[in-house]
2 protein chains.
Amino acid sequence: MMLSKSCIYGIQAAIYVSAHDSEEYVSISQIASELKISFHFLTKVLQQLTQAGLMISYRGPKGGVALARAAKDISLYDLVGAIDSTAIFTECLLGLPGCGVAAPCPAHDHWTKIRSELTTISRRVTLESMGKKASELNVRLSEEFRYAQSQYLDHKSAPANGHV
Amino acid sequence: MMLSKSCIYGIQAAIYVSAHDSEEYVSISQIASELKISFHFLTKVLQQLTQAGLMISYRGPKGGVALARAAKDISLYDLVGAIDSTAIFTECLLGLPGCGVAAPCPAHDHWTKIRSELTTISRRVTLESMGKKASELNVRLSEEFRYAQSQYLDHKSAPANGHV
DNA sequence: TTATATTTGGACAAAAGAGTCCGAAATCTT
DNA sequence: AAGATTTCGGACTCTTTTGTCCAAATATAA
Ligand code: SF4
Ligand code: SF4
């Protein structure tokens with residue numbers, strides 16, 4: 001698999017939180033049940049994202065997680081880097097130690113091309129760009145959760161106070 | 001990691017065998033010691049490649065493995081598909097079940113682009129194309145083994161009989 | 001203050017990946 | 001025929017990933 005399960009869950013959750021860009025925190029249990037991810041496992045994943053500075057968290061009732069920056073400033077690259085490490089963007093197919101242009105392996109040229117494409121695209125794809133595209137259509141985020149529903153959800157659980 | 005260890009070993013070994021495109025079989029123990037891969041583990045990996053029809057094997061003294069087809073007809077896509085499965089080329093970032101254009105996730109557009117690039121390139125890259133590029137320069141295949149050395153190796157262990 | 005809700009962090013279990021080992025089967029050499 | 005060499009296939013161990021559970025810390029609400 002290209003990305004670890006942890007990473008996929010993290011990305012899904014980040015998109016979900018981004019969709020709920022209200023002024024309150026989104027609780028992890030809500031994300032987990034909505035996205036059908038193990039709550040306890042997701043907890044660990046989101047801790048990685050907060051420790052990496054991509055999200056902020058708040059304990060207690062009305063607690064949860066929220067984006068640490070604007071959605072347009074969090075890219076796929078950031079998310080993958082925070083959970084799986086950026087190795088996928090820098091490492092190589094054959095992963096030979098100390099390789100480079102001076103002593104390349106036979107796959108070097110082709111691989112660096114793929115790698116750089118992957119890097120630019122994942123840097124350009126942000127939570128905002130994904131959300132924008134998603135709200136146009138009735139795009140889904142998980143098997144049951146569709147992006148457009150986020151509007152209704154915001155209403156039903158109207159917040160009292162904002163962040164921090 | 002993008003590709004499994006098994007897959008990386010399989011690719012390395014395939015390139016090595018391709019470099020030794022003589023008329024005899026290359027023994028797995030030779031590949032393993034030259035490429036610094038565990039012999040017993042490489043054995044399993046190469047069994048996958050022979051079972052997938054990419055290599056042929058022969059037991060007994062002077063036995064070993066050889067390419068089942070011409071080097072130009074074995075692509076990176078084939079190798080990855082045989083060992084890690086082609087899921088990496090078909091599956092998705094979020095890997096949602098039953099997804100598609102009708103019910104795409106927010107990452108769909110960007111991801112399909114990356115995926116198709118990856119597919120075309122890995123289909124185009126063959127053992128031959130890698131070998132061609134490698135013999136021009138003194139390109140290396142593992143930490144110690146350089147491609148150009150394959151010429152000398154062919155001489156030192158001159159074969160008596162050919163394949164099958 | 002007490003009860004409740006929520007993240008945090010650690011311990012633990014299960015599953016998958018990576019690596020080792022050994023005996024059996026096939027094949028060549030003598 | 002006997003012995004040596006090499007792949008085949010299964011069993012086994014070790015490590016990493018994935019997933020579960022629980023007590024402690026933090027904050028809200030009554
Ligand atoms: S030489 Fe290039 S393609 Fe090969 S392992 Fe190193 S960086 Fe990767
Ligand atoms: S909708 Fe597209 S990007 Fe999303 S999981 Fe399905 S195939 Fe992948």
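Residue numbering restarts at 1 for every chain, and letters A, B, ... go by the order of the sequence lines. What you see below is based on every heavy atom in this structure, not just the backbone, and it leaves out hydrogens, waters and symmetry mates.
- B:Ser57 has a side-chain polar atom (N or O) that falls below the 4.0 Å cut-off from OP1 or OP2 of D:dC8.
- When the side-chain nitrogen and oxygen atoms of A:Tyr25 are compared with OP1 and OP2 of C:dT7, none of them lie within a distance under 4.0 Å.
- What separates CE of A:Met55 from C1' of C:dT8 is a distance of 16 Å, to the nearest Å.
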*Could you give me the CA-CA distance, side-chain angles and deciding distance for A:Ser29 and A:Ser27, then say whether side-chain hydrogen bond (donor to acceptor under 3.5 Å, both in side chains) is met?*
CA-CA 5 Å; A:Ser29 60; A:Ser27 80; 3.2 Å; yes
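- For the pair A:Gln47 and B:Gly60, both in contact range of DNA chain C, the more 5′-proximal nearest nucleotide belongs to A:Gln47.
- For B:Gln30 and D:dT6, the shortest distance from a side-chain N or O to OP1 or OP2 is not below 4.0 Å.
- Of the candidate nucleotides D:dC8, C:dT8, C:dA18, C:dA18 has the atom nearest to the side chain of B:Ser4.
- Put simply, A:Gln51 has a side-chain N or O that comes within less than 4.0 Å of OP1 or OP2 on C:dG9.
- When all heavy atoms of B:Ser6 and B:Val45 are compared, the closest pair comes out as O-CG1, 3.4 Å.
- Nearest nucleotide to the B:Phe41 side chain, out of C:dT8, C:dT20, D:dA27: C:dT20.
- For the pair B:Lys5 and C:dG17, the criterion of a side-chain N or O lying under 4.0 Å from OP1 or OP2 is not met.
- In this structure, A:Leu42 places its CG atom 12 Å from C1' of D:dG19, rounding to the nearest Å.
- For B:Ser27 and D:dT6, the shortest distance from a side-chain N or O to OP1 or OP2 is not below 4.0 Å.
- Ion pairing between A:Lys5 and A:Asp84 fails under the 4.0 Å rule for side-chain N and carboxylate O.
- For the pair B:Ile56 CD1 and D:dC8 P, the interatomic distance rounds to 11 Å; values are reported in whole Å.
- Among the heavy atoms of the strands, none lies under 4.0 Å from A:Leu46.
- Across the protein-nucleic acid pair, A:Ile37 atom CD1 and D:dG19 atom P stand 10 Å apart, rounded to whole Å.
- Rounded to whole angstrom, the span from the CZ atom of B:Phe39 across to the C1' atom of D:dT5 amounts to 10 Å.
- Counting any heavy atom pair closer than 4.0 Å across all strands shown, B:Gln48 reaches no nucleic acid atom.
- In this pair, A:Tyr25 and A:Tyr58 present their aromatic rings parallel. The plane angle is below 30°, not in the 30 to 60° band.
- Close to C:dA5, at under 4.0 Å from its OP1 or OP2, lies no side-chain N or O of A:Tyr58.
- Per the geometry, CD1 belonging to A:Ile8 stands 12 Å off C1' belonging to D:dT18, to the nearest Å.
- Between the NE2 atom of A:His40 and the P atom of C:dC12 there is a distance of 17 Å, given to the nearest Å.
- Applying the 3.5 Å distance criterion, the base of C:dT4 shares no donor-acceptor pair with the side chain of A:Lys62.
- Across all strands shown, A:Ser6 has heavy atoms under 4.0 Å from sugar-phosphate atoms exclusively, and none from any base.
- Counting to the nearest Å, the C1' atom of C:dG17 and the OH atom of B:Tyr9 are 11 Å from each other.
- Closest approach to the A:Arg59 side chain among D:dC8, D:dT18, C:dT6 is made by C:dT6 (side chain taken as heavy atoms from C-beta onward).
- Checked by distance alone, A:Lys44 brings a side-chain donor or acceptor within 3.5 Å of a matching partner on the base of C:dG10.
- Formation of a donor-acceptor pair under 3.5 Å by the B:Thr112 side chain with backbone atoms of B:His108 is found in this model.
- Counting only heavy atoms from C-beta outward, the side chains of A:Ile8 and B:Leu93 never approach each other to under 4.5 Å.
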